[in-house]
Number of protein chains: 2
Amino acid sequence: MATIKDVARLAEVSTATVSRVLNGNGYVHQGTKERVAKAITQLNYRPNDVARSLFKGRSKMIALFVPDIMNPFFPELARAVEDMAKKRDYTFVLCNTDDDPAKEVNYVQELKQKSLDGIVIVSSTISGDFIKDVDIPVVALDRILHPSLSSVTVNNRQGAREATTYLQELGCKRIAHVAGPNNVSNAEQRLNGYLDVVQEEDWFRYSFIEQGGYHFDEAKKATERLLTKHPEIDGLFVANDLMGVGALKAAQSLGIAVPDQLSIIAFDGITLGETTTPTLTTMAQPIYKAGARAAEILIEQIEQQNDQRQVEEFTVEIVERESTRRRDA
Amino acid sequence: MATIKDVARLAEVSTATVSRVLNGNGYVHQGTKERVAKAITQLNYRPNDVARSLFKGRSKMIALFVPDIMNPFFPELARAVEDMAKKRDYTFVLCNTDDDPAKEVNYVQELKQKSLDGIVIVSSTISGDFIKDVDIPVVALDRILHPSLSSVTVNNRQGAREATTYLQELGCKRIAHVAGPNNVSNAEQRLNGYLDVVQEEDWFRYSFIEQGGYHFDEAKKATERLLTKHPEIDGLFVANDLMGVGALKAAQSLGIAVPDQLSIIAFDGITLGETTTPTLTTMAQPIYKAGARAAEILIEQIEQQNDQRQVEEFTVEIVERESTRRRDA
DNA sequence: TTGTATGCGTTATCAC
DNA sequence: GTGATAACGCATACAA
C-alpha cells in the first residue's frame, strides 16, 4: 500500500501538502493540488485509517450491542444501524451480549481500546452507573437504560392499551396477558398498558398474567398454563411477536382454534408474524426507522453536531392479520 | 486513558520494559515485573490497540459479508462467526452487501484502510478475480466463490438427492422443484441433486421446475404457478426454507392441504421452519458449526498457523416435521 | 502557499 | 536485564 510519503515524493511536494489536499484544509495552490491529485490516482493511494485514528483518537467505528442477533427482532435493527453507519462512513461492529453484564462491560473495554466512537445499545442488564461513566457516546435503543442517556423507543404503554382495547372492541370478555421479563422497561410498560385497560374490570385477577420472558418456549408454556387454568379466556395480548408465535402454538396444541375461539394480538411487527398460520395480528413498531434514528443520533453526538441528550419515542400501529376476529355476540 | 509512558514512569522503568511484561517478550527481572504489574493495575492501564495496529499492520478485526442480515438464514451464521471472533480476541464487523458487487468492492476497500485482518464472505456476485487479488485472507462460506479460496459449505447435491428420494419413498409420484437463483453455486447443486433423482422418470419435464430466487414472495408465486399448471404434483422439494414457507403459503391459498395432498420438504434447517403450521420438513445444515469453522479457518490463516487453502464440506441431515407424510397407496 | 518538525502509543532493534 | 530510539502513517503547529 502506498503511503502519503510516496504521494508526496511523486508529486514533488511535502507530506503536509498532500495531507492538506486530502482533507481540504488550509491553502494549497491549484496547480499543486492537481499534481497531488494525479499522484494519488496514479499510485491508487488510500489513507491509512489506523494512522488517522491514532492521531485523532477516533476510529470512525460504531458498535451495536444486542442480546442475540438470532432473536428475530434484532436483524432489522442491525440492518438499520449498519445502513446509517455506512451512509455516514462508519464501520459497523456487532456484539452479542446474551444479556450478560460481564460480557457487556468486557465489550466496552475492548472496543474502547480500539478507539470505537460510540455505541447503540439494546440492553436491560448492564448497570446504568457503568454505562453513564463510559466516556464515549451511547444511545439506548428499544429499552431505557439510564436517565442520562439518549434513547429511541416506542410508546409501549399506549400501544399496549390500544392492543387490549382492540381485543375488547372485538368482543373479548376475558383478556389475558403473556408478559415479558419484569426487569425490562418496555416489557413493564406493555404490562402496565394492559393493566390500565383491564384492571378495573370485575373479572380481572392477576392470574390472567403469566411471564413469558420474551422467549418462544417460555411463552408457549405460559400460554398453556393460562388457557388451562382459565378456559374462559377469549383474548390474549402477548408482549412480543416471538412469544406471540409461541402462544399460537400453545393454542394449537390444546386444540383451541385461533381466531375462532381465541383472538391473539402481539407486539413488534416482525416478519415472523407474517409466516405463521394464522398470521399474527400485532402492534407494529417502525423497527427500521428506530434503529436508523438511534444510529443517527449517536453519530450526531460523536461529531458534536448535537451534543445534548435526545429522547425520541416512535408510535406503534396496529396491523390486523388473521389471529384476531370479531366475536359473535 | 493512561498510556505506556504513565506506567513506565510510575514503575520507574522504561517503556520498553513495560512493553516486555505486557507481551511476555524478552527477559525481565521478577521484581521489576511485579512493579510494572502493580503500576498497570493502579492506573487501570489498557494498551491502545490503534497504536498496536499501526505498528503491526494488523487490527485484530474480521468481517462477515452477507447479502442481508434480515434474511433469516444469516443471523445464526453471524452469531457463529462473532462467537469465534470473540473467542480468539477479534472484533467482529458486519457488512450487508445486498449482492451488489460494487458495495462488496467498496467494503473491501474501506476495511483494508482500517487494516482489517480477514473476511468471511457469503456471496455469489463478487468477481472471483477481484476477490483472489484481495491481499488479506478470505474464506467463502455457504457458497463457492473462487477455486483459490478456502471454503466451508455443505453437500448440497447429495442433500438434494436425499430430499427428493425421501419424497419418493413417501409415495409421491410427481415431484416438483422450486429452485434458487441460477448463478448461485449451492442453488445449482440443489437443482442438480433433484435432477439426479427425477430426470429419468417418464413423467418428468422441465416444467416441474420453477425459479424462486431464494425469496419468499417469488417462491410463493412460483409454487402457485407449479400447482396450477400441474395439479397432479404431490411432492415438492424447495431449495431453501424461506422459500419453503412461501410454498406452504401458496398451497394454503390454493386450498391444497399440506401434508395430506402435498408433501413439502425444503433445505437449510432454520428456526423459521419450526414456527409455521404445519412445521416444515427440511434438510438441515449445521449452520452454526459451519460459520464457526469458517471463522476458525480464517483466523488460522491470518495467524499463519495454517496457511494453505482449506475446503470443508459439512453434511446435511433430514429433519422430519409436519409438512411431509406418507401417501396412502 | 508550502515545508519542517513533532506527536499520537506501541513494538522492536540495538546498545549497554 | 534494561534503556534509548527509530518506525508505523498521518495531521497539525509553527516557520518560512
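Just so we're clear, the structure is a prediction, and the values are computed from it rather than from any experiment. Letters A, B, ... are given to chains in the order of the sequence lines, protein chains preceding strands, and every chain is numbered from 1.
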**Asked** So what does A:Val50 hit on the nucleic acid, given a heavy-atom distance under 4.0 Å: a base, only sugar-phosphate, or nothing?
**Response** nothing
**Message:** Check this one for me: any side-chain N or O of B:Tyr27 less than 4.0 Å away from OP1 or OP2 of D:dG3?
**Reply:** no
**Request:** Measure from NZ on A:Lys112 to C1' on C:dG9 and round the result to the nearest Å.
**Result:** 17 Å
**Complete:** B:Arg58 atom CZ is separated from C:dT10 atom C1', nearest whole Å, by 15 Å
**Message:** With a 3.5 Å cut-off and heavy atoms only, can you find an N or O donor on one side and an acceptor on the other between the side chain of B:Arg46 and the base of C:dG9?
**Reply:** no
**Prompt:** Among the nucleotides C:dT4, D:dG3, C:dT10, which one has an atom lying closest to any side-chain atom of B:Phe55?
**Reply:** C:dT10
**Within 45° cone and under 6.0 Å: B:Lys86 NZ/CZ vs A:Tyr107 ring** = yes
**Prompt:** Under 4.0 Å between a side-chain N/O of B:Thr3 and OP1 or OP2 of C:dG9, yes or no?
**Reply:** no
**Step-by-step side chain to side chain contact (heavy atoms under 4.5 Å, CB included) determination, B:Glu296 to B:Arg293** = CA-CA 5 Å; B:Glu296 194 173 28; B:Arg293 184 63 188 131; 3.0 Å; yes
**Prompt:** What does A:Ser19 touch in the nucleic acid at a heavy-atom separation under 4.0 angstrom: a base, only the sugar-phosphate, or nothing?
**Reply:** base
**Request:** Return the value, rounded to whole Å, for the distance between atom NZ of A:Lys5 and atom P of C:dT4.
**Result:** 13 Å
**Prompt:** Whole-Å distance between C:dG9 P and B:Tyr45 OH?
**Reply:** 10 Å
**Fill in**
So the salt bridge (charged side-chain N to carboxylate O under 4.0 Å, His left out) pairs with at least one residue in residues 4-16 of chain A (sequence neighbours excluded) are A:Asp6-A:Arg9
**Message:** From NZ of B:Lys114 over to P of D:dC10, roughly how many Å is that when rounded to an integer?
**Reply:** 14 Å
**Request:** Can you figure out which of D:dA4, D:dA11, C:dT10 approaches the side chain of B:Asn48 most closely?
**Result:** C:dT10
**Request:** Give A:Val18 one of three labels, base, sugar-phosphate or nothing, depending on what nucleic acid heavy atoms sit under 4.0 Å from its own.
**Result:** nothing
**Request:** Round to a whole Å and report the spacing from NZ of A:Lys60 to C1' of D:dC10.
**Result:** 16 Å
**Prompt:** Starting at the 5' end of DNA chain D and moving along, which residue's nearest nucleotide shows up first, A:Asn25 or B:Arg20?
**Reply:** B:Arg20
**Asked** Between A:Glu76 and A:Arg79, does at least one N-O distance fall below 4.0 Å, as a salt bridge requires?
**Response** no
**Earlier contact from the 5' end, DNA chain C, for A:Thr15 and A:Gln30** = A:Gln30
**Prompt:** Taking atom P of C:dG9 as reference, at what distance in whole Å does atom CG of B:Leu43 sit?
**Reply:** 14 Å
**Complete:** note: A:His29, atom NE2; D:dA16, atom P; distance rounded to Å ~ 23 Å
**Request:** Find out whether B:Asp89 and A:Glu110 are in side-chain contact, i.e. whether some heavy atom of one side chain is under 4.5 Å from a heavy atom of the other.
**Result:** yes
**Message:** Heavy atoms only, 4.0 Å cut-off, all strands: where does B:Thr32 land among base, sugar-phosphate and nothing?
**Reply:** sugar-phosphate
**Prompt:** Within the pair A:Arg52 and D:dA11, is there a side-chain N or O less than 4.0 Å away from OP1 or OP2?
**Reply:** yes
**Complete:** Considering only heavy side-chain atoms of B:Lys56, the closest of C:dA12, C:dC8, D:dA4 is C:dA12
**A:Thr17 side chain near C:dT2 phosphate (N/O to OP1/OP2, under 4.0 Å)** = no
**Message:** On the nucleotide D:dA11, are OP1 or OP2 found under 4.0 Å from the side-chain N or O atoms that A:Asn23 carries?
**Reply:** yes
**Request:** Could you walk me through whether B:Ser151 and B:Leu145 pass the side chain to side chain contact (heavy atoms under 4.5 Å, CB included) test, one step at a time?
**Result:** CA-CA 8 Å; B:Ser151 63; B:Leu145 253 189; over 6 Å; no
